[in-house]
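Down below is the structure, laid out as structure tokens.
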Amino acid sequence: MEGAQGKVDIEIDGRGTKVAWASGEEYRREDMSPVCSESPEKDGDAMLRVPLLKMRTNQTSQLAIVGANISPIESLDYEMLENELFKQDWRSRKKVEIFQYIFLKWTLALLIGLGTGLVGFCSNFAVENIAGLKLLRAGNLMTQEKYFQAFLFLAGCNLVLAITAAALCAYIAPAAAGSGIPEVKAYLNGVDAYSILAPSTLFVKIFGSIFGVAAGFIVGKEGPMVHTGACIANLLGQGGSRKYRLTWKWLRYFKNDRDRRDLITCGAAAGVAAAFHAPVGGVLFALEEAATWWRSALLWRTFFTTAVVAVVLRTLMVFCRNGNCGLFGEGGLIMFDVNSAIAKYSTADLLALIILGIIGGVFGSLYNYLVGKVLRSYSIINERGPMFKILLVIVISLLTSCFCYGLPWFSPCTPCPPDAVEKCPSLGLSGNYKNFHCPAGYYNDLASLFLTTNDDAIRNLLTSSGEKDLQLSTLFVYFVVTLCIGIVTYGIAIPSGLFIPVILAGASYGRLVGTFLGSLCDLDAGLFALLGAASFLGGTMRMTVSLCVILLELTNDLLMLPFVMLVLLISKSVADNFNKGVYDQMVKMKGLPFMELHAEPYMRQLVASDVVTGPLITFSGVEKVGNIVHALRMTGHNGFPVIDEPPFSDAPELFGLVLRSHLLVLLNGKVFTRQRVLSGPEILRRFNASDFAKPGSGKGLKIEDLELTKEEMEMYVDLHPITNASPYTVVETMSLAKAAALFRELGLRHLCVVPKTTGRAPIVGILTRHDFVEEHVLGIYPHLSFNK
């Protein structure tokens, strides 16, 4: 629970701590005891004085699926805390320290770019060499007509690589399974889980992605690279990892959620830049899809990070041009610059593009629907334990190997073109002309798509029709198989991205349409493949600007800009009529309480006080230690209102909000007094702002870590110096839609609801992220579900 409200059975002694229902009525222990000791009739009368609706509790889940594992979640706090301790720290900062803070921000952006670029290159290098050696050996066996041995070798290598990737995910870091983009998107929206960005997740994400892609699965490493970049940024921003003895104390400035959010945004953009070799596309992806909060300073820093990634990749790929990288080849920043056709078009082409966009929208929405169904089915299997996760991976691996090796046997052999630029057939090497079982001078075009890396398959599909012809039957079979296997593969316990499967399926049906139209259109079939990929991407992911730039950077074909824009707009518009984008859909399916940009229509019929839950636990400005400890032990709340009462104020008033983590640090310091008096100056002398800075993953104090004597439990502690004296508050009559917009835009964790009229308790309740969740609101007011 985020705020000091929810289902709780608590009885606290002392003068200050109270349990208050959301209606604002207060019950001290001395007021409650006589009621409980008297007759049932009086007890019933007391209960009737509290409106039944106000006694509701928030039953929304505090768990979510992270990767392939269920994990507890909590909210991040992007609010600027204003308590006396932090104000004193701000006032004491010198110009040198401010300059150091700014310098470190840019230094971290540089390090994130360097680290992500290096990981991206190494991942490509490893995948191309592992998969290349596997395919080369299988091709040599086929040349010797040892077809069964070739299949056993190919399927065996795929199985070993798949089991390795699945074992890493199942036993070391279940959060590394899947794309990781939904989790990063939720984190940047304000949802945190212990394992989302942990160092173990980073390790498994890198190596699991390499093994998974090299195993021949129809998955991509692009989505995992986004998660990898975010993990690298988090590792640097939190000052390393104490668990793994990697710490940097000089990064104390960044021990807060706001700065970490900015760094992780840079990491996500760097991941896209490293995966697609698209630095500008990475910035736009972070802006359009990943980040919830954006500002011009972040744009500049993110652009710098992706530029560093581009420089790193260019430098390393120049090194590979001398043949120093094995089967990786020369490489280049433009990955799929393989089509030399000129983009000429006519009216018939525009009609074909419109049809292509509509097809992409329909297929994209269908793809999202089927992926959702598969994920729900797989979740039942994954819940049974690690061994079942690995067994599922084994089944999908064998299925993929059988299809990729078996289907080319039914494809006819095609004569090699006399003017082929590269060697035909390619005899096991990566290339456009796989010999498979064909005689000399012939190649198998279906094998050229299946028995190669995913990147080479995309290059083959995007190649101009003048350089390579793919038969209609080949394109149809490849589209159906890629679509179906891509759907059933996503959701197994390996790091897997959706970009590559969607591009493969989209490019295959795009080229299918272009080949079918033939002489009716002026556009080349390879360009139709690019537009088909764009239409399918728009239909599944519902992005426009970032996808457009990424595709143009991938193909280096600026003349296709208006066509790509048109297809993306049409496919997104069509698909939006059926369901949400795939990442939005997954965020909801995983149970992550994501705050949407626009409030739901039914929220306009409710006010803030309609959804607050009780009981509300408050502390006095000077509170008994035992009361605080008891409240912390009995509840999991992360924020508590602090109420000042006489003699510290003329009347009860809301002083502010104190965080659970700050209370633990204060209690651990044991700055107590025997009398109920103010002791703020002593606390300001004993503590620094860095003592209350947010720790890294798993390094914070817990209530079990406190060692307090009975005498100390009877003492008092002054909460004023560590209490945020200016929390964001809304009046209880504010519409829930307006409160939700405020909550999201300010990046809040707690939003205090105060009464409109005087003469009542100074606070009605606290709104947290879970109070805006559809499950909670419609659970209280089910009749509003018709207004969704």
Side-chain angles (χ1 to χ4, degrees), residues 1-3 6 58-79 173-198 201 223 226-227 229-231 233-234 237-238 256-265 267-268 286 289-294 580-600 636-639 659-661 694-698 700 740-751 766-777:
M1 296 291 290
E2 301 300 335
N58 193 323
Q59 301 293 338
T60 56
S61 175
Q62 307 291 317
L63 301 173
I65 298 176
V66 178
N69 202 35
I70 297 177
S71 174
I73 56 174
E74 64 178 45
S75 294
L76 298 168
D77 197 347
Y78 298 140
E79 180 183 356
S179 166
I181 292 179
E183 285 82 358
V184 173
K185 184 174 179 178
Y187 185 93
L188 294 176
N189 188 261
V191 182
D192 189 21
Y194 165 72
S195 54
I196 287 182
L197 302 172
T201 303
V226 175
H227 197 177
C231 289
N234 180 68
Q238 72 178 15
N256 61 80
D257 289 333
R258 294 183 309 280
D259 286 319
R260 289 181 189 173
R261 174 190 65 190
D262 292 350
L263 292 175
I264 290 168
T265 302
E289 181 66 17
T292 299
W293 295 277
W294 196 265
K580 290 186 176 182
V582 64
Y583 295 129
D584 294 327
Q585 182 177 292
M586 288 180 188
V587 165
K588 186 174 182 179
M589 288 179 58
K590 288 173 176 288
L592 298 165
F594 191 86
M595 295 292 296
E596 299 288 350
L597 177 61
H598 302 290
E600 296 290 344
H637 306 326
N638 285 290
L659 298 181
R660 180 188 189 91
S661 59
K694 182 173 181 177
S697 301
L742 178 69
F743 193 95
R744 181 189 187 276
E745 292 302 320
L746 295 177
L748 302 181
R749 185 173 187 173
H750 309 100
L751 183 60
I766 296 178
L767 288 175
T768 67
R769 178 177 296 269
H770 292 276
D771 293 314
F772 296 101
V773 173
E774 179 181 310
E775 175 190 354
H776 172 60
V777 178

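Between E745 and L597, the closest side-chain pair of non-hydrogen atoms falls below 4.5 Å. Residues M586 and I181 have side chains not in contact (no heavy-atom distance under 4.5 Å, counting atoms from C-beta outward). The side-chain heavy atoms of W294 and T265, taken from C-beta on, include a pair separated by under 4.5 Å. In this structure, the side chains of Y187 and D192 come closer than 4.5 Å at one or more pairs of heavy atoms. Taking the side chain as every heavy atom from C-beta outward, T292 and R261 never approach each other to under 4.5 Å.
D77 is linked by a salt bridge (charged side-chain N to carboxylate O under 4.0 Å, His left out) to nothing, counting only residues two or more places apart in sequence or in another chain. Remark: V191 engages I73, A186, L592, P593, R769 in a side chain to side chain contact (heavy atoms under 4.5 Å, CB included) (not counting sequence neighbours). Remark: E596 engages K580 in a salt bridge (charged side-chain N to carboxylate O under 4.0 Å, His left out) (not counting sequence neighbours).
Using a cutoff of 4.0 Å between basic side-chain nitrogens and carboxylate oxygens, R749 and E79 are not scored as salt-bridged.
When all heavy atoms are compared, the tightest approach of G267 to A233 is CA-CB, 4.1 Å. Closest approach of T201 and S195 over heavy atoms only: OG1-O, 2.7 Å.
Expressed to the nearest 0.5 Å, how far CD of E74 lies from CZ of R660 amounts to 10.0 Å. Taken from CG in L659 to CG in N638, the straight-line distance is 8.0 Å, to the nearest 0.5 Å. Here the straight-line distance linking atom CZ of F743 with atom CE of M595 works out to 6.0 Å at 0.5 Å rounding. For the atom pair L188 CG and D262 CG, the distance stands at 9.5 Å (nearest 0.5 Å). In this structure, NE2 in H227 is found 9.5 Å from CD1 in I264, a value given to the nearest 0.5 Å. Atom OG1 of T768 is separated from atom CG of L751 by 10.0 Å, given to the nearest 0.5 angstrom.
Taking the six-membered ring where the residue is Trp, Y78 and W293 present perpendicular rings, their angle passing 60° and hence far from 30°.
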Can L197 and E183 be said to form a side-chain contact (heavy atoms from CB on, under 4.5 Å), step by step? CA-CA 9 Å; L197 302 172; E183 285 82 358; over 6 Å; no
Determine, step by step, whether L767 and H750 satisfy the side-chain contact (heavy atoms from CB on, under 4.5 Å) criterion, reporting the C-alpha distance in whole Å, the side-chain angles of both residues, the deciding distance to 0.1 Å, and the verdict. CA-CA 6 Å; L767 288 175; H750 309 100; over 6 Å; no
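Test N256, D257, N189 against L76 for side-chain contact (heavy atoms from CB on, under 4.5 Å) and you get one pass: D257.
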